[in-house]
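Heads up, the thing below is written out as structure tokens.
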Amino acid sequence: MDASIAPASRAAAVTPNDSAIVGARALYIGTAGDVAIAPRRDVDPVVFKSVPAGTILPVHAAIVALTGTTASNIIALF
């Protein structure tokens with residue numbers, strides 16, 4: 001199967017940080033809130049507002065920024 005469309009095979013807890021590289025293919029949001037995601041290191045984060053608990057955001061997340069993120073218990077899917 002093409003790796004770009006295959007289901008995630010790894011997961012790791014995310015601590016939001018304005019500069020740490022996550023590189024996730026998707027994010028699981030455990031506790032509701034806003035999530036600030038930069039799809040690439042050189043792009044400013046965009047804020048997904050009021051993401052419900054239990055949501056899987058199918059977006060590439062190079063960075064999950066601390067600034068603008070209020071959601072918690074975030075899991076990166078690789």
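Side-chain atoms are counted along with the backbone in the values below, which use heavy atoms only and exclude waters and symmetry mates. These figures come from a predicted structure and were not determined experimentally.
Contact of the T15 side chain with the N17 side chain is not registered, since no non-hydrogen atoms from C-beta on lie closer than 4.5 Å. F48 is listed as a side-chain neighbour of V59, based on a closest heavy-atom distance under 4.5 Å.
Here the CD1 atom belonging to I29 is positioned 7.0 Å from the OG1 atom belonging to T55, to the nearest 0.5 angstrom. The structure places CD1 of I37 at 5.0 Å from CG of L57, a figure rounded to the nearest 0.5 Å.
Qualifying salt bridge (charged side-chain N to carboxylate O under 4.0 Å, His left out) partners for D34, counting only residues two or more places apart in sequence or in other chains: K49. The salt bridge (charged side-chain N to carboxylate O under 4.0 Å, His left out) test applied to D42 returns R40, not counting sequence neighbours. Remark: R41 pairs with no residue by the salt bridge (charged side-chain N to carboxylate O under 4.0 Å, His left out) rule, at least two apart or across chains.
Both V46 and V22 sit in one connected hydrophobic cluster of ILVMFWY residues. Membership requires side-chain heavy atoms under 4.5 Å apart, directly or through other members. V51 is connected to V14 through a chain of hydrophobic side-chain contacts under 4.5 Å among Ile, Leu, Val, Met, Phe, Trp and Tyr, so both are in one cluster.
Scanning both residues, V43 and A38, for their nearest heavy atoms gives O-CB, 3.4 Å. Residue I56 comes nearest to A26 through the heavy atom pair CG2-CB, 4.2 Å, listed as atom of the first residue, atom of the second, then distance. The heavy-atom pair separating G68 from A36 by the smallest distance is C-CB, 4.0 Å. In terms of heavy atoms, V64 sits closest to V35 at CG1-CG1, 4.4 Å. Across all non-hydrogen atoms, the minimal contact from L77 to A8 is CB-CB, 3.8 Å. In plain terms, the two heavy atoms of P16 and I74 that are nearest each other are CG-CD1, 4.4 Å.
Between the side chain of H60 and the main chain of G23, no donor-acceptor pair closer than 3.5 Å is present.
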